[in-house]
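Sequence positions, counted from 1, serve as the residue numbers for this chain.
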Amino acid sequence: MRHRAVPILGKRGTLGGTRLRVTNITPLFPGQDPPDHPDQHELDLVGVRTTCLACGGSLEDSPTYDRYLVCPRCRFHYTMSARRRVDMLADAGTFRETSRWIRSLDPLSFSARVSYRERILQNQDRTGLTEAVITGVCTIGGTPAVLIVLDFGFLGGSMGLVVGEKVALALQLAARKRFPAIAVINSGGARIQEGVLSLMQMAKTTVAANEMHRRGVPLVSVLGDPATGQVYASFGTQADLIFAEPGAHVGFAPFRAVKEQASGSLSPGQHTGEVHFRHGMLDGVVDREQIKHVVSTVLELLRPEFRLAKRRRGRPPRTRPRRMEAWEMVQLARHPDRPTARHFIDQVFANLVELHGDRQYADAPEVITGIARLAGQSVVVIGQEKTPPSGMISSSEDDTPEGLSASGSITPEGFGKARRAIRFAARFNLPIVTLVDTPGSALDLEAWERGQAHAISQTISTLLDVEVPTISVLIGEGGSEAALAFAVTDRVLMLQNAIYTPISPERAAVAELRDSAAAEQVVGALRLTSIDSRRMGIIDEIVREPDGGAHVDPLEASRLLKRALMIEITEVVERHRRTLVRRRQRKYRNIGESGRPFRSALRRELSVWSRALGASVRALRSGNDPGAELPEELDGDSSGG
């Protein structure tokens with residue numbers, strides 16, 4: 001066995017020419033030593049990268065550059081080796097490498113200008129790795145995890161037989177031990193020297209990733225620069241959450257190939273993680289300095305150690321709000337300073353990690369989804385964001401988040417994003433909380449061409465069938481199908497001054513009176529207030545608001561909502577999953593047939609007939625005319641008969 005001298009990182013992240021460590025390298029091919037390159041041991045790289053290649057700023061005496069290889073001035077992310085990434089992510093001293101000595105022969109006896117065997121040996125000698133991936137077990141933020149890190153410096157981080165086998169074994173280990181897996185993708189292209197056998201590794205790793213999904217074990221991907229090719233198009237994008245480093249080239253094909261297809265008109269910024277984020281393919285673009293914190297938070301949320309429970313049984317007294325005019329409640333529900341989903345999420349929940357994108361077309365910022373904690377209980381939260389949060393509202397359109405319309409109408413991508421969050425909750429058995437506040441579904445032609453009706457129906461179906469506890473809260477406008485699709489839950493709450501309606505008052509006025517200005521005249525007939533909804537059995541509870549409306553004291557409104565959610569979630573989390581679904585489906589099957597309005601009407605009818613029968617019996621006993629004592633409801637004269 002041959003020993004190789006490996007330079008150690010010295011001061012300011014440079015390579016010291018005198019400090020050397022001896023490392024044992026087992027050759028990939030038995031009986032062959034790496035070729036001699038004596039000149040490599042004499043490289044003196046002291047002083048390299050004292051200034052940033054991107055902005056020209058100084059890198060000297062920079063802790064950020066020394067530890068993360070990130071320019072502190074422009075935040076340019078330099079390429080990082082697999083070993084350094086392991087040191088950056090794993091808790092100190094916890095990483096234990098697995099499958100280190102798996103080796104394969106040259107399966108095709110591939111011969112070109114430089115033989116495949118020689119290229120492998122050269123890369124082993126240069127990087128100190130046996131292959132392009134490192135796998136192992138460690139803790140990240142105290143949570144046990146399996147770590148998979150690809151190194152672009154080893155044949156471009158491409159996936160051949162050895163890489164595919166090591167990745168599959170690591171994912172199988174994670175599934176068996178129920179450890180979350182973190183895959184750091186720094187790969188490009190295909191291992192063409194192994195032909196179609198290389199291609200088959202996409203299927204191999206997908207089988208292992210699917211097993212993790214079936215067992216409800218989290219898989220998280222972190223995309224470095226570049227993240228392309230077969231690795232990206234297999235287990236790399238099958239992760240439950242996908243994050244990318246700023247400026248990373250991301251996509252199936254390398255940037256050069258995409259540029260050739262675009263006849264050279266493509267700019268580098270069009271093939272990055274930021275673009276993929278806007279198109280709903282990533283959950284976030286995260287600075288390397290923050291990635292461990294984000295990953296640690298995700299792992300804690302997906303391996304919950306706490307569950308919310310009540311000390312005393314029973315429910316608090318029902319809220320009985322003062323009845324107001326329906327039009328007045330419409331105005332309060334639409335008040336420009338009324339707190340929105342973003343405000344309530346920030347105030348009610350903790351440790352939020354957002355899930356971005358529908359994984360097909362766009363991020364849909366009118367819908368907020370994420371995993372968070374509600375008083376220690378991990379939940380998936382889904383919110384409809386109609387306007388910017390309170391305190392950020394401005395008459396300037398420049399302050400509206402990119403892609404978010406002023407109306408907050410829900411697009412097909414918004415419904416798709418919500419369905420992704422619902423399936424995410426089902427996979428990890430997390431309760432779902434939805435916050436409903438929308439005027440309705442997007443009605444433009446493009447939305448319907450992208451399958452708006454299908455998106456609505458599939459969202460309703462998915463939420464009705466999901467086998468986890470579900471709670472919805474109407475916090476503002478509950479407009480038509482878009483509100484219903486987010487509110488077919490086990491428990492439905494409604495803020496005191498929120499509204500729930502199949503059509504806006506203005507549209508109703510046009511339909512009935514041919515005048516949108518007459519909305520105030522028809523709004524009462526719509527029965528859209530919280531009191532009306534509870535009386536009809538549409539909602540379960542009303543959540544009190546501060547006097548004058550939630551916009552008067554948003555923090556108090558948040559406190560009241562949080563308390564109500566804590567009460568409800570302790571009720572539903574104790575029920576069996578199948579019992580939840582069965583009760584939920586029965587509830588919505590019977591609405592309008594055997595709901596409260598029907599029962600109330602039946603009780604009134606029975607009461608009238610009971611009094612009529614009693615009056616008739618008394619009249620017969622006294623010898624009087626039986627019709628003289630009939631209740632007014634059955635009196636023929638009073639009814640015009």
Side-chain angles (χ1 to χ4, degrees), residues 6-17 19-21 23 40 43-92 95 123 126-129 132-134 136 138 140-141 147-157 182-188 220-228 231-232 236 242-250 255 268-269 271-274 282 284-296:
V6 180
I8 299 296
L9 285 175
K11 187 179 179 182
R12 297 188 298 277
T14 60
L15 292 172
R19 297 182 58 204
L20 299 178
R21 172 168 56 91
T23 245
Q40 289 187 2
L43 288 177
D44 181 9
L45 300 180
V46 176
V48 171
R49 295 213 181 123
T50 58
T51 59
C52 177
L53 299 177
C55 70
S58 174
L59 301 177
E60 294 189 88
D61 299 319
S62 170
T64 301
Y65 180 76
D66 287 348
R67 173 146 179 79
Y68 300 103
L69 293 184
V70 174
C71 174
R73 179 178 174 185
C74 69
R75 308 306 298 177
F76 180 80
H77 285 51
Y78 289 90
T79 300
M80 179 177 275
S81 70
R83 292 288 181 197
R84 290 198 64 170
R85 286 189 181 274
V86 169
D87 292 340
M88 180 185 73
L89 284 172
D91 295 339
F95 183 76
N123 278 266
R126 180 169 49 81
T127 64
L129 305 176
V133 67
I134 299 175
C138 65
I140 301 177
L147 194 55
I148 302 168
V149 184
L150 285 108
D151 196 316
F152 186 74
F154 196 110
L155 289 179
I182 313 301
V184 182
I185 310 301
N186 207 182
S187 174
V220 180
S221 285
V222 178
L223 309 182
D225 183 18
T228 61
V231 172
Y232 175 71
I242 307 175
F243 302 103
E245 293 181 343
H249 286 83
V250 175
F255 176 71
H271 196 53
T272 62
E274 286 80 358
L282 306 178
V285 177
V286 183
D287 192 283
R288 190 178 290 167
E289 200 167 354
Q290 297 296 322
I291 194 65
K292 181 174 181 177
H293 170 71
V294 172
V295 170
S296 301

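Residues passing the side chain to side chain donor-acceptor pair (under 3.5 Å) test with R83 are E97, sequence neighbours excluded. Residues satisfying the side-chain contact (heavy atoms from CB on, under 4.5 Å) criterion with V286, sequence neighbours excluded, are F243, Q290, I291, V294. A search for side-chain contact (heavy atoms from CB on, under 4.5 Å) contacts involving A132 returns F154, V163, R191, not counting sequence neighbours. By the ring pair (Phe, Tyr, Trp, His ring centres under 6.0 Å) test, F152 is found to be paired with no residue, residues two or more places apart in sequence or in another chain being considered. R75 pairs by the side chain to side chain donor-acceptor pair (under 3.5 Å) definition with D287, E289, not counting sequence neighbours. In this structure, D87 has no side-chain contact (heavy atoms from CB on, under 4.5 Å) partners at least two apart in sequence or on a different chain.
Note that the CG atom of L59 and the OG1 atom of T64 stand 10.0 Å from one another [nearest 0.5 Å]. Between I148 atom CD1 and I185 atom CD1 the span is 7.5 Å, to the nearest 0.5 Å.
Just one of R85, H77, R288 meets the side-chain contact (heavy atoms from CB on, under 4.5 Å) condition when paired with L69; it is R288. Shown are L89, L150, L223, V86; of these, the side-chain contact (heavy atoms from CB on, under 4.5 Å) with V184 is made only by L89.
Nearest approach of R73 to C55, heavy atoms of both residues: CD-SG, 3.8 Å. Across every non-hydrogen atom of C138 and I140, the tightest pair is SG-CG1, 3.9 Å. Looking at every heavy atom in both residues, Y68 comes nearest to M80 through O-CE, 3.4 Å. Contact record, P72 with S58: CG-O, 4.4 Å, taken as the closest heavy-atom pair. Between T127 and N123 the shortest heavy-atom distance is OG1-O, 2.7 Å. Across A244 and G273, no two heavy atoms sit closer than the pair CB-CA, 4.3 Å.
Of the possible donor and acceptor atoms, none in the side chain of E274 sits under 3.5 Å from a partner among the backbone N and O of P246. Side-chain N or O atoms of T50 include none that pairs as donor or acceptor with a backbone N or O of E60 at under 3.5 Å. Although no hydrogens or angles enter the test, the distance criterion places a donor-acceptor pair under 3.5 Å between the side chain of N186 and the main chain of D225.
Counting heavy atoms from C-beta on, the side chains of D91 and K292 come closer than 4.5 Å.
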>> Checking C52 against Y78 for the side chain to side chain contact (heavy atoms under 4.5 Å, CB included) test, could you report, in this order, the C-alpha distance in whole Å, the side-chain angles of both residues, the deciding distance, and whether it holds?
In response: CA-CA 10 Å; C52 177; Y78 289 90; 3.3 Å; yes
>> Working note: F76 + L53, criterion side chain to side chain contact (heavy atoms under 4.5 Å, CB included); need CA distance, chi angles, decisive distance, verdict.
In response: CA-CA 9 Å; F76 180 80; L53 299 177; 5.6 Å; no
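Ion pair D151/R84 not flagged as a salt bridge, since none of the NZ, NE, NH1 or NH2 atoms sits closer than 4.0 Å to an Asp/Glu carboxylate oxygen.
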